[in-house]
Amino acid sequence: MADPKGFLTTGREVAQTRPAGERVKDWNEVYVPGSLLPIISKQAGRCMDCGIPFCHNGCPLGNLIPEWNDYAYREDWTAASERLHATNNFPEFTGRLCPAPCESACVLGINQPAVTIKNVEVSIIDQAWDRGDVTPQPPERLSGKTVAVIGSGPAGLAAAQQLTRAGHTVAVYERADRIGGLLRYGIPEFKMEKSHINRRIEQMRAEGTKFRTETEIGRDIDAAKLRRRYDAVVIAAGATVSRDLPVPGRELNGVHYAMEYLPLANKVQEGDLTVSPITAEGKHVVVIGGGDTGADCVGTAHRQGALSVTQLEIMPRPGEERNANQPWPTFPMLYKVTSAHEEGGERVYSVSTTHFEGDEDGNVQALHLVEVEFKDGKLEQKPGTERVIPAQLVTLAMGFTGTDQANGLVQQFGLELDERGNIARDQDYATNVGGVFVAGDAGRGQSLIVWAIAEGRSAARGVDRFLTGASALPAPIRPTDRALTV
């Protein structure tokens with residue numbers, strides 16, 4: 001145990017952010033560099049080293065949280081990094097992007113603010129990189145087996161790294177021009193600078209993983225031919241089909257999916273574009289969808305110089321405390337103020353868009369909405385609550401409905417789908433096609449980064465067993481496992 005009285009003597013203290021007025025002028029990460037290190041040892045000391053650490057259950061990776069909390073408290077960063085990497089290939093990603101279900105399941109959180117597990121995690125991995133503790137781990141011998149991984153998001157990268165380290169020759173195929181999937185082009189720079197992805201890719205290259213960009217399986221390479229070329233295939237293509245809003249005026253110029261808008265802003269930061277073709281500069285911006293992707297659109301619009309930003313959510317505003325029907329240690333639906341929301345804008349709850357209004361040139365100019373409420377389990381409009389708000393740019397951030405089938409990948413492989421439209425798989429993550437496995441959102445549906453990494457690690461074990469007859473690789477979750485929710 002770190003500090004036996006830490007949870008009694010030390011209050012919760014989180015990472016310090018830069019002033020909102022300063023950070024909206026650049027695209028750097030919002031946190032004050034180095035602000036965590038002076039406080040993180042004491043924060044790690046708040047961990048009670050519970051007899052039953054429910055944080056393990058909150059995290060699908062099964063992270064050894066009390067162990068690396070203890071090492072961080074003692075400032076043994078090398079040992080902390082070793083325990084952190086024992087269950088998580090990419091803690092610099094989860095430490096910045098995960099909503100931390102581990103903290104919702106923290107035992108201290110029953111009657112006090114939970115341990116800042118996420119901040120401890122990112123402190124450990126940043127120290128590990130700075131100290132040179134993160135090095136390539138190439139396999140001692142090669143198996144002679146080859147594996148293709150389709151998709152380079154967190155699930156695909158985790159599966160690829162595990163399989164490479166097991167001795168297989170792995171090639172990762174990515175349809176975009178750079179590796180990283182939604183980590184690269186869906187997450188704004190101010191949430192995670194892409195240098196964190198780049199150095200992991202270099203580590204994986206040094207271990208032996210091969211990467212093939214601008215290659216879409218189903219269009220550029222026939223899926224059946226790919227299967228014949230490799231001993232096994234892992235599909236980690238994500239759930240990239242955005243949910244649409246089929247209302248009058250949807251066809252107007254200026255109404256875009258979030259995943260049309262955000263990648264272009266990231267391409268500006270990569271140096272590919274001088275100015276984004278879809279920009280919020282000088283416009284009234286409306287973001288439809290109250291989740292993390294919506295918040296990413298809000299923060300991006302601020303940095304592009306929007307006149308105003310309004311975020312709409314069809315559901316009621318969550319409370320700031322746990323509801324009785326969302327007891328510990330489940331992941332509660334709480335009112336969350338992200339760094340993007342701290343920077344300004346308006347958030348409107350319990351409203352639904354009825355239609356868009358455009359000008360004579362076909363450009364969106366306004367959005368018509370109405371208040372809604374639940375009655376007898378159904379969402380109904382409230383008469384007399386209609387109103388109009390200005391909108392010259394609208395982003396649809398309402399989630400995703402499944403993996404892309406338009407490119408032919410599903411049909412060419414001959415894959416079966418489950419009742420939710422995801423690629424069906426068995427307990428080893430194997431599909432109905434021999435030697436073809438699926439990991440991440442393509443099989444689970446839209447989920448969190450921590451679940452994607454856990455699926456990638458678990459699927460890698462299934463592939464390793466298929467190729468060699470046995471496997472020592474870990475499998476933290478089953479395909480049927482779900483988050484601690486009610």
Side-chain angles (χ1 to χ4, degrees), residues 19-28 30 182 185-191 242-314 337-349 351-371 386-399:
E22 170 191 317
R23 65 183 189 246
V24 295
K25 297 176 182 178
D26 61 50
W27 293 81
N28 300 329
V30 301
L182 289 184
Y185 287 129
I187 302 296
E189 192 82 359
F190 58 83
K191 281 183 67 175
S242 298
R243 181 172 283 108
D244 205 351
L245 183 62
V247 298
R250 169 64 179 88
E251 75 287 351
L252 290 169
N253 299 324
V255 183
H256 301 277
Y257 291 120
M259 286 305 146
E260 295 173 333
Y261 174 60
L262 294 174
L264 292 171
N266 279 354
K267 280 186 168 292
V268 173
Q269 301 311 307
E270 295 279 8
D272 297 342
L273 300 171
T274 303
V275 178
S276 172
I278 305 174
T279 180
E281 184 177 4
K283 298 176 182 177
H284 296 288
V285 178
V286 177
V287 178
I288 302 178
D292 288 338
T293 302
D296 293 344
C297 292
V298 169
T300 298
H302 289 321
R303 283 158 181 77
Q304 291 179 338
L307 284 179
S308 69
V309 184
T310 305
Q311 186 176 17
L312 308 181
E313 169 58 54
I314 197 168
V337 179
T338 70
S339 62
H341 298 129
E342 294 172 348
E343 295 159 3
E346 183 182 4
R347 303 167 76 178
V348 184
Y349 291 89
V351 293
S352 178
T353 302
T354 59
H355 63 283
F356 301 108
E357 180 182 330
D359 61 16
E360 62 276 9
D361 296 320
N363 301 308
V364 67
Q365 293 296 306
L367 180 150
H368 293 246
L369 57 82
V370 63
E371 294 181 15
E386 300 84 358
R387 60 189 173 105
V388 183
I389 58 176
Q392 284 95 46
L393 173 63
V394 178
T395 61
L396 307 180
M398 303 178 296

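These numbers were taken from a predicted model, which means no experiment stands behind them. These numbers come from the heavy atoms of this one structure, side chains and all, not from hydrogens, waters or symmetry mates.
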Is any side-chain heavy atom of Leu396 closer than 4.5 Å to a side-chain heavy atom of Arg243? no

Can you tell if the side chain of Tyr261 reaches within under 4.5 Å of the side chain of Leu393, non-hydrogen atoms only? yes

When every non-hydrogen atom of Gln304 is compared with those of Ala265, the smallest separation belongs to NE2-CB, 3.9 Å

Please check if the side chain of Asp359 supplies one atom and the backbone of Asp361 the other of a donor-acceptor pair under 3.5 Å. yes

Is any side-chain heavy atom of Val30 closer than 4.5 Å to one of Glu343? yes

Can you measure from CG (Leu369) to NE2 (His355) and round to the nearest 0.5 angstrom? 10.0 Å

List the atom of Gly186, the atom of Asp296, and the distance in Å for their closest heavy-atom pair. O-OD2, 3.9 Å

Separation between CG of Asn363 and CG of Asn253, rounded to the nearest 0.5 Å: 5.0 Å

So, for Ser242 and Met259, which heavy atoms are closest and what is the spacing to 0.1 Å? OG-CB, 4.3 Å

Do Ile389 and Glu346 make a side-chain contact, defined as non-hydrogen atoms from C-beta onward lying under 4.5 Å apart? no

Which heavy atom of Val286 sits nearest to which heavy atom of Ala391, and what is that distance? CG2-CB, 3.6 Å

Is the count of non-hydrogen atoms from other residues, nucleotides or ligands lying under 6.0 Å from Glu386 atom CD greater than 12? yes

Quick one: are Gln311 and Val309 in side-chain contact, heavy atoms under 4.5 Å? no

Is there a donor-acceptor pair under 3.5 Å between the side chain of Gln392 and the backbone N or O of His284? yes

Tell me, please, whether Phe190 has Arg23 positioned over its six-membered ring: NZ or CZ under 6.0 Å from the ring centre and within 45 degrees of its axis? no

Between Ala258 and Cys297 the two heavy atoms that sit nearest each other are CB-SG, 3.6 Å

Would Arg347 and Val337 count as a side chain to side chain contact (heavy atoms under 4.5 Å, CB included) if you check the C-alpha gap in whole Å, the side-chain angles of each, and the deciding distance to 0.1 Å? CA-CA 10 Å; Arg347 303 167 76 178; Val337 179; 4.0 Å; yes

Do you know which two heavy atoms are closest between Val268 and Ser276, and how far apart they sit? CG2-N, 3.6 Å

Could you walk me through whether Leu262 and Thr395 pass side chain to side chain contact (heavy atoms under 4.5 Å, CB included), step by step? CA-CA 9 Å; Leu262 294 174; Thr395 61; over 6 Å; no

Determine whether Tyr257 and Leu245 make a side-chain contact, defined as any pair of heavy atoms from C-beta on separated by less than 4.5 Å. no

Value rounded to 0.5 Å, distance of NE2 in His256 from CD1 in Ile278: 4.0 Å

If you measure from OH on Tyr349 to CD1 on Ile314, what distance do you get to the nearest 0.5 Å? 14.0 Å

I'd like to check Leu367 versus Thr310 (side-chain heavy atoms, cut-off strictly below 4.5 Å). Are they in contact? no

Would you compute the distance between atom OG1 of Thr279 and atom CZ of Arg303 and round it to the nearest 0.5 angstrom? 13.5 Å

Donor-acceptor check, side chain of Thr354 to backbone of His368, threshold 3.5 angstrom: yes or no? yes

Does any non-hydrogen side-chain atom of Leu252 lie less than 4.5 Å from one of Gln365? no

What distance do Met398 atom CE and Thr293 atom OG1 have between them, rounded to the nearest 0.5 Å? 11.5 Å

